[in-house]
Amino acid sequence: NLTYNSLINGLCQKGKMEDAIIFLEKCKFQGFNPDVYTYGVIIEGFCKKDEIQKGKKLFNELVNKNMEANSFIYNTLIRAYSKNGDITEAVKLFNEMKSKGIQLSSVTYSSLIHGYSNNGYLDDAKRLINEMRDDGLSPDVVCYTALIGGYCKTGQMEKVLTTLEEMSSYDIHPNKITYTVMIDGYCKLGQTEVAVKVLGEMEQKGVVPDVVTYNALADGFSKEGKIEEAFRLFNDMSRRGVDLD
RNA sequence: UCUAUACGAGUCU
């Protein structure tokens with residue numbers, strides 16, 4: 001089974017979903033019974049290509065076979081629906097996990113927080129952070145960064161600051177992505193001076209900016225016509241050698 | 001306290 005699954009996984013990773021399905025059928029013909037892992041891999045493959053309906057169809061197939069989807073599969077679907085703006089469906093799956101007693105994790109929460117956040121439901125996103133604690137989980141930097149991203153997108157920078165304070169009270173430290181989200185947020189609001197200040201803070205804390213951080217700033221400068229600044233940034237970047245990852 | 005799915009957050013396109 002492991003062999004079948006890894007072959008199918010290989011195809012899915014490459015986005016060759018048609019081939020994966022054909023291969024799956026052939027395997028079935030040879031007496032292979034797809035298991036939860038098989039389904040997981042294929043569902044993820046479809047979700048990555050934004051073909052959620054096909055993923056959901058397999059999910060239903062799995063359920064009809066009296067197998068239980070694992071948290072990987074739920075998380076994958078919740079994330080896909082969230083990304084697609086279909087919060088209703090994401091929440092439905094989230095609740096289903098709860099009622100079936102499937103282990104929720106910070107991945108589950110962050111996926112949904114991201115969904116709420118990106119669709120403007122910031123109160124719900126915030127609520128989930130608290131709910132996590134009630135569930136005995138600790139929101140991590142990813143959860144907080146997703147929330148901060150929502151505040152940035154809606155221009156609620158005061159809330160970004162209070163969120164940072166909350167994080168620090170729990171001893172959760174903003175990372176490269178958290179800072180980049182904020183820098184991008186300020187840039188998009190036309191406040192590149194503040195963005196530069198955030199970059200300074202970031203470096204002071206020993207968090208190293210990467211190419212995405214610089215791109216966010218560069219984009220901000222160019223939209224404000226700050227060519228000089230953009231060049232300075234560019235020099236800065238090549239002088240220090242930027243981490244790619 | 002090992003157990004097969006690069007499960008979650010950022011820029012530009």
Side-chain angles (χ1 to χ4, degrees), chain A residues 1-15 20 34-48 55 58-59 62 69-83 90 93-94 97 102-118 125 128-129 132 137 139-153 160 163 167 172-188 192 195 198-199 202 207-223 230 233 237 242-245:
Chain A
N1 236 357
L2 244 170
T3 316
Y4 283 115
N5 284 344
S6 39
L7 287 172
I8 293 171
N9 186 29
L11 293 171
C12 291
Q13 295 294 343
K14 287 185 189 151
D35 60 16
V36 206
Y37 284 97
T38 324
Y39 279 103
V41 168
I42 301 179
I43 290 171
E44 189 198 25
F46 278 126
C47 286
K48 277 190 178 152
L58 286 165
F59 175 86
L62 172 116
N70 58 20
S71 52
F72 176 91
I73 294 178
Y74 274 101
N75 292 343
T76 301
L77 283 169
I78 288 173
R79 168 162 187 263
Y81 280 120
S82 289
K83 205 178 123 203
L93 289 167
F94 180 83
M97 279 180 92
I102 296 166
Q103 185 76 349
L104 305 176
S105 68
S106 48
V107 174
T108 318
Y109 275 97
S110 71
S111 302
L112 194 55
I113 289 170
H114 185 222
Y116 277 133
S117 232
N118 263 335
L128 273 188
I129 297 255
M132 274 183 90
L137 290 169
D140 60 15
V141 66
V142 177
C143 294
Y144 275 109
T145 302
L147 178 65
I148 287 177
Y151 288 137
C152 285
K153 218 175 201 177
V160 170
T163 305
M167 285 171 72
I172 298 165
H173 302 283
N175 62 18
K176 182 169 74 179
I177 299 184
T178 319
Y179 283 114
T180 304
V181 169
M182 292 175 58
I183 288 171
D184 181 54
Y186 282 116
C187 284
K188 292 238 157 70
T192 48
V198 175
L199 178 69
M202 170 178 185
V207 180
V208 182
D210 67 8
V211 64
V212 178
T213 317
Y214 282 110
N215 277 344
L217 255 180
D219 189 59
F221 285 141
S222 79
K223 286 194 171 122
L233 182 74
M237 197 167 78
V242 174
D243 283 11
L244 307 164
D245 65 3

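This one's a predicted model, so the numbers in the text were calculated from it and none came from an experiment. Letters A, B, ... mirror the listed sequences (proteins, then strands); counts begin at 1.
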Remember a base hit wins even if backbone is also touched, and classify [X] as base, sugar-phosphate or nothing at under 4.0 Å, heavy atoms.
X	value
Gly149(A)	nothing
Ser106(A)	base
Thr213(A)	base
Val142(A)	base
Cys187(A)	nothing

May I ask you to test the [X]-[Y] pair for a side-chain heavy-atom distance under 4.5 Å?
X	Y	answer
Ile73(A)	Asn70(A)	yes
Tyr74(A)	Thr108(A)	no
Cys187(A)	Leu217(A)	yes

>> What's the gap between C7(B) and U3(B) when it is taken at their P atoms, as a whole Å value?
In response: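 Here C7(B) and U3(B) have their P atoms 13 Å from each other.
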Output a table of nitrogen or oxygen pairs between the protein and nucleotides 2-4 of chain B separated by less than 3.5 Å.
residue: A4(B); atom: N7; partner: Tyr37(A); partner atom: OH; Å: 3.0

Report the nucleotide, chosen from [options], that has the shortest atom-to-atom distance to any side-chain atom of [X].
X	options	result
Thr180(A)	G10(B), A9(B), G8(B)	G10(B)
Asp219(A)	G8(B), G10(B), U11(B)	U11(B)
Val107(A)	C7(B), G10(B), U11(B)	C7(B)

How long is the line joining [atom1] of [X] and [atom2] of [N], in whole Å?
X	N	atom1	atom2	result
Ile113(A)	G8(B)	CD1	P	15 Å
Leu58(A)	U5(B)	CG	C1'	14 Å
Met237(A)	C12(B)	CE	C1'	12 Å
Leu112(A)	C7(B)	CG	P	19 Å
Asn75(A)	C7(B)	CG	C1'	6 Å

> Looking at the rings of Phe94(A) and Tyr109(A), which for Trp means the six-membered one, are their centres under 6.0 Å apart?
Replying inline: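 They qualify: ring centres under 6.0 Å apart.
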>> Could you check, using the six-membered ring where one of them is a Trp, whether Phe72(A) and Tyr37(A) have ring centers closer than 6.0 angstrom?
In response: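 Ring centres of Tyr37(A) and Phe72(A) not closer than 6.0 Å.
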>> I'd like to know if the side chain of Asp140(A) and the backbone of Cys143(A) have a donor-acceptor N/O pair within less than 3.5 Å.
In response: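 Side chain of Asp140(A) to backbone of Cys143(A): a pair is present.
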>> When you measure from the side-chain N and O atoms of Lys188(A) to the phosphate of C12(B), is any distance below 4.0 Å, counting only OP1 and OP2?
In response: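 Yes.
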